[in-house]
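Scroll down for the structure; my scribbles are underneath it.
Computed over heavy atoms, backbone and side chain alike; hydrogens, waters and symmetry mates excluded.
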Amino acid sequence: MNLWYSFLIAFAMYSRLPVPTVEWTKERMRYVFCFFPLIGALCGAGVWLWLLFAGKAGFSPTAAGLMGTAVPVVLTGGIHMDGFLDTVDALSSYGDRERKLEILKDPHTGAFAVTGGCVYLLCYGGLMIRWAEMVMEKDGFPKTLPSLALGAAFVMERAFSGLSVASFPCARGSGLAYTFADSAQKNTVRFFLAVWLAVCAVFLIWQGRIGWAVAAAQTAVFFWYYHMSKKKFGGITGDLAGWFLQVSEIVSLLVLTVGGGI
């Protein structure tokens, strides 16, 4: 029964999908990250459905891509973008470790966060326009293999993000990442996330050189994230996990668009 509760908590926390409300007890939160990659599948399906609608409605790739940029943010409620903005603010402060952690906890949005968010969304929007040009067909149905590859990238980045919370040291003994890490049945969570990673990697590699490049890029970002968070923050926080996910997502989209799709 706790698996079902963990599933509900995962979708309640990391998506805007309406799910039954349950109490967040430590026992029920043990396996939350086992289901976190499913939010990536939701985002991949959401982008595909949006492009399908846009194609049938006669939208241009530019309009479809620009509005498609909002799909992952809407489906997740912007929780990862919030972490990205807070982390940009902290990294841009050039303060010491304690100062950076203070900025992460500060509910106010700084100028660097706003600037970083604007730059990120402009770049993401440009890549999504290119993606729409590549996958939208005249019959309205987006190309299948590229769409699945993007979905696999969404899933893989969440598996990596969950693995970091279950494996990396936490920067402080409080906060969202610490709460989930402290509650998690870590060996079980790591096993399931490793399975998610293996399935995504095999699928991407099977698609050819661009799939290889996406898997390699996400792995490189993951290890960079570990090194950066440990050096500058002394460990990870929920904001840093969100920052990693957004960086990994735009890097994956860049690789897919530059490589010409699958």
Worksheet item: Is it true that atom NZ of K230 has more than 12 heavy atoms of other residues, nucleotides or ligands lying nearer than 6.0 Å?
Response: no
Response to the item:
Rounded to the nearest 0.5 Å, the CD1 atom of I129 sits from the OG1 atom of T69 at a distance of 7.0 Å
Worksheet item: Is W212 isolated, or which residues cluster with it under the ILVMFWY side-chain rule of less than 4.5 Å, directly or via members?
Response: I205
Using distance only, find each side-chain donor-acceptor pair of residues 242-252 under 3.5 Å and give its atom names and separation, not counting sequence neighbours.
unit_1: Q246; atom_1: OE1; unit_2: M81; atom_2: N; d: 3.4
unit_1: Q246; atom_1: NE2; unit_2: Y120; atom_2: OH; d: 2.8
unit_1: E249; atom_1: OE2; unit_2: Y124; atom_2: OH; d: 2.8
unit_1: S252; atom_1: OG; unit_2: Q218; atom_2: NE2; d: 2.9
unit_1: S252; atom_1: OG; unit_2: S248; atom_2: O; d: 2.9

Discussion item. Among L197, L193, V199, which residue satisfies the side chain to side chain contact (heavy atoms under 4.5 Å, CB included) criterion with P37?
Written reply: L193
Worksheet, complete the sentence: Sorted by chain and number, sequence neighbours left out, side-chain contact (heavy atoms from CB on, under 4.5 Å) with D96 holds for E98, R99
Item to complete: Classify the angle between the aromatic ring planes of H80 and F36 as parallel (below 30°), tilted (30 to 60°) or perpendicular (above 60°).
Response: tilted
Practice prompt. Grab the two heavy atoms, one from V155 and one from A41, that are nearest each other, plus how far apart they are.
Written response: CG2-N, 3.5 Å
Worksheet item: Between V22 and M29, is there a shared hydrophobic cluster once you connect ILVMFWY residues whose side-chain heavy atoms come closer than 4.5 Å?
Response: yes
Worksheet item: How would you list, by chain and number, every residue that makes a ring pair (Phe, Tyr, Trp, His ring centres under 6.0 Å) with W50, sequence neighbours excluded?
Response: F53, F59
Item to complete: Answer yes or no: are there more than 12 heavy-atom neighbours, outside F11 itself, under 6.0 Å from its atom CZ?
Response: yes
Practice prompt. Please answer: with hydrophobic residues joined when any side-chain heavy atoms are less than 4.5 Å apart, are F168 and F33 in the same cluster?
Written response: yes
Worksheet item: Going by heavy atoms in the side chains, are Y14 and T76 under 4.5 Å from each other?
Response: no
Fill in: Step-by-step side-chain contact (heavy atoms from CB on, under 4.5 Å) determination, D239 to D82
CA-CA 7 Å; D239 285 327; D82 175 73; 3.9 Å; yes
Discussion item. Once side-chain contact (heavy atoms from CB on, under 4.5 Å) is applied, do any residues pair with K232, and if so which ones, sequence neighbours excluded?
Written reply: L91, K100, M228
Fill in: Heavy-atom closest pair, residues M136 and P61
SD-CA, 4.1 Å
Worksheet item: Is the closest side-chain heavy-atom distance between L42 and F154 below 4.5 Å?
Response: no
Worksheet item: How far does CZ of F233 sit from OG1 of T87, to the nearest 0.5 angstrom?
Response: 6.0 Å
Discussion item. I'd like to know if the side chain of D89 and the backbone of G110 have a donor-acceptor N/O pair within less than 3.5 Å.
Written reply: yes
Item to complete: Answer with yes or no whether the hydrophobic clustering places V189 together with W4; edges join I, L, V, M, F, W, Y residues whose side-chain heavy atoms lie under 4.5 Å apart.
Response: yes
Item to complete: Please examine the side chains of L75 and R16, heavy atoms only from C-beta on, and report whether any two atoms are closer than 4.5 Å.
Response: no
Discussion item. Strictly distance-based, threshold 3.5 Å: is any side-chain N or O of S229 a donor or acceptor partner for the main-chain N or O of Y226?
Written reply: yes
Item to complete: Treating Ile, Leu, Val, Met, Phe, Trp and Tyr as nodes and any side-chain heavy-atom pair under 4.5 angstrom as an edge, say whether Y5 and V19 lie in one connected cluster.
Response: yes
Worksheet entry | Gap separating the CG atom of L163 from the CZ atom of R158, nearest 0.5 angstrom | 15.0 Å
Fill in: F160 side chain near V221 side chain, heavy-atom distance below 4.5 Å
no
Worksheet item: Got a sec: does the CZ of F203 have more than 12 other heavy atoms crowding it under 6.0 Å?
Response: yes
Worksheet item: Which distance, rounded to the nearest 0.5 Å, do you find between the OG of S6 and the CH2 of W24?
Response: 11.0 Å
Worksheet item: Minimum heavy-atom separation for A152 to C200, with atom names?
Response: O-SG, 3.7 Å
Worksheet entry | Nearest non-hydrogen partners of W131 and S147, listed with the distance | CZ2-N, 4.1 Å
Worksheet item: Roughly how far, to the nearest 0.5 Å, is CE of M67 from CG of L51?
Response: 10.5 Å
Worksheet item: Between T219 (side chain) and A215 (backbone), is there a donor-acceptor pair under 3.5 Å?
Response: yes
Discussion item. Could you tell me if the side chain of C43 sits less than 4.5 Å from the side chain of V71, heavy atoms only?
Written reply: no
Discussion item. side-chain contact (heavy atoms from CB on, under 4.5 Å), that's the test. Do L101 and T237 meet it? Break it down for me.
Written reply: CA-CA 9 Å; L101 291 173; T237 68; 4.2 Å; yes
Worksheet item: Quick one: do F35 and F191 end up in the same hydrophobic cluster if we chain Ile, Leu, Val, Met, Phe, Trp and Tyr together by side-chain heavy atoms under 4.5 Å apart?
Response: no
Worksheet entry | Sidechain-backbone polar pair: S167 side chain, S164 backbone, donor-acceptor under 3.5 Å | no
Worksheet item: Hey, are the side chains of L150 and W48 touching, using non-hydrogen atoms and a 4.5 Å cut-off?
Response: no
Item to complete: Report yes if the side chains of L256 and M134 come closer than 4.5 Å at any heavy-atom pair, otherwise no.
Response: no
Practice prompt. Take I236 and Y225, measure what side-chain contact (heavy atoms from CB on, under 4.5 Å) needs, and give me the verdict at the end.
Written response: CA-CA 9 Å; I236 67 161; Y225 157 53; 3.6 Å; yes
Worksheet, complete the sentence: Exactly one of I210, T257, V135 clears side chain to side chain contact (heavy atoms under 4.5 Å, CB included) with P146, and that residue is V135
Practice prompt. Indicate yes or no: at least one non-hydrogen side-chain atom of T115 is less than 4.5 angstrom from one of V88.
Written response: no
Fill in: Inter- and intrachain pairs under salt bridge (charged side-chain N to carboxylate O under 4.0 Å, His left out), touching residues 119-130, at least two apart
R130-E133
Worksheet item: Between L204 and A149, what is the shortest heavy-atom contact and its length?
Response: CD2-O, 3.9 Å
Practice prompt. Take M128 and L66 through the side-chain contact (heavy atoms from CB on, under 4.5 Å) test and state the conclusion after the steps.
Written response: CA-CA 7 Å; M128 189 59 79; L66 278 177; over 6 Å; no
Item to complete: Measure the CG-CG distance between L17 and L38 for me, rounded to the nearest 0.5 Å.
Response: 11.0 Å
Practice prompt. Of all the heavy-atom pairs spanning A10 and I39, show the shortest one and how long it is.
Written response: O-CD1, 4.1 Å
